[in-house]
Amino acid sequence: MPRRKSTPTTPLEQNAQALVNLLLKTAELEELREQAQSLVPIIEAVLGKQSLTGEEREAAKDKKNHQLIISIVSGFAELESIRSSAGDLSAILGVIKGDLSEKAILSVQEAMATAENGTVVKGKKNTSVN
């Protein structure tokens, strides 16, 4: 069984943690979006400057719906932040799939080398990384 660490230490482990966070946030965001489907026609009506029915007005005033909308937007922002700050997450997929092609190995080596020296030379093997 693999050993567990409290904090990821290598760039590859940091990317793995980012991927886990990306998976969790994606699932949470999709669940929130499902909950908000009943709000879509109400929001479309408001954006289209159309009148709301009595039931739609009640839903529009419901604080739970307000919080749901804010949660969706916050979740989306967090998801995009994870995507933009993470390294090459496809390298993690290659590791999971057991992809031993030169391209996959190079991708892993590049991800590891980035943290060591701050730069990556695309397409070149970094021989200093084992």
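Bear in mind that the values here come from a model prediction, so they are computed numbers and not experimental data.
- For Gln67, the CD atom sits in a packed shell: over 12 heavy atoms of surrounding residues, nucleotides or ligands are nearer than 6.0 Å.
- In this structure, Asn65 and Ala59 approach most closely via the heavy-atom pair ND2-O, 2.8 Å.
- Rounded to the nearest 0.5 angstrom, Lys64 NZ and Ser71 OG are separated by 13.5 Å.
- What you find for Thr26 and Leu22 is that their closest heavy atoms are OG1-O, 2.7 Å.
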Working for side chain to side chain contact (heavy atoms under 4.5 Å, CB included), residues Leu19 and Leu93: CA-CA 9 Å; Leu19 181 59; Leu93 180 60; 5.9 Å; no
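- Rounding to the nearest 0.5 Å places CD of Gln17 at 10.0 Å from CD of Glu13.
- Scanning both residues, Leu39 and Leu68, for their nearest heavy atoms gives CD1-CD2, 4.1 Å.
- The structure places CG of Leu52 at 10.5 Å from NZ of Lys61, a figure rounded to the nearest 0.5 Å.
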Give the table of side-chain donor-acceptor pairs shorter than 3.5 Å for residues 75-84, with sequence neighbours excluded, one pair per line with atom names and distance.
unit_1	atom_1	unit_2	atom_2	d
Glu78	OE1	Lys25	NZ	3.4
Glu80	OE2	Arg83	NE	3.4
Ser84	OG	Glu80	O	3.3
Ser84	OG	Ser81	O	3.2

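- Through side-chain heavy atoms spaced under 4.5 Å, either directly or across other Ile, Leu, Val, Met, Phe, Trp or Tyr residues, Val20 is tied to Leu24.
- To the nearest 0.5 angstrom, Lys63 atom NZ is 10.5 Å from Ile70 atom CD1.
- Residues Asn15 and Ala86 approach most closely at OD1-C, 4.3 Å, considering heavy atoms.
- Here CD of Glu34 is found 10.5 Å from CG of Leu29. Values are rounded to the nearest 0.5 Å.
- Residues Val73 and Leu32 do not share a hydrophobic cluster, defined by chaining ILVMFWY side chains whose heavy atoms lie under 4.5 Å apart.
- Put simply, the side chain of Asp62 does not reach to within 4.5 Å of the side chain of His66, judged on heavy atoms.
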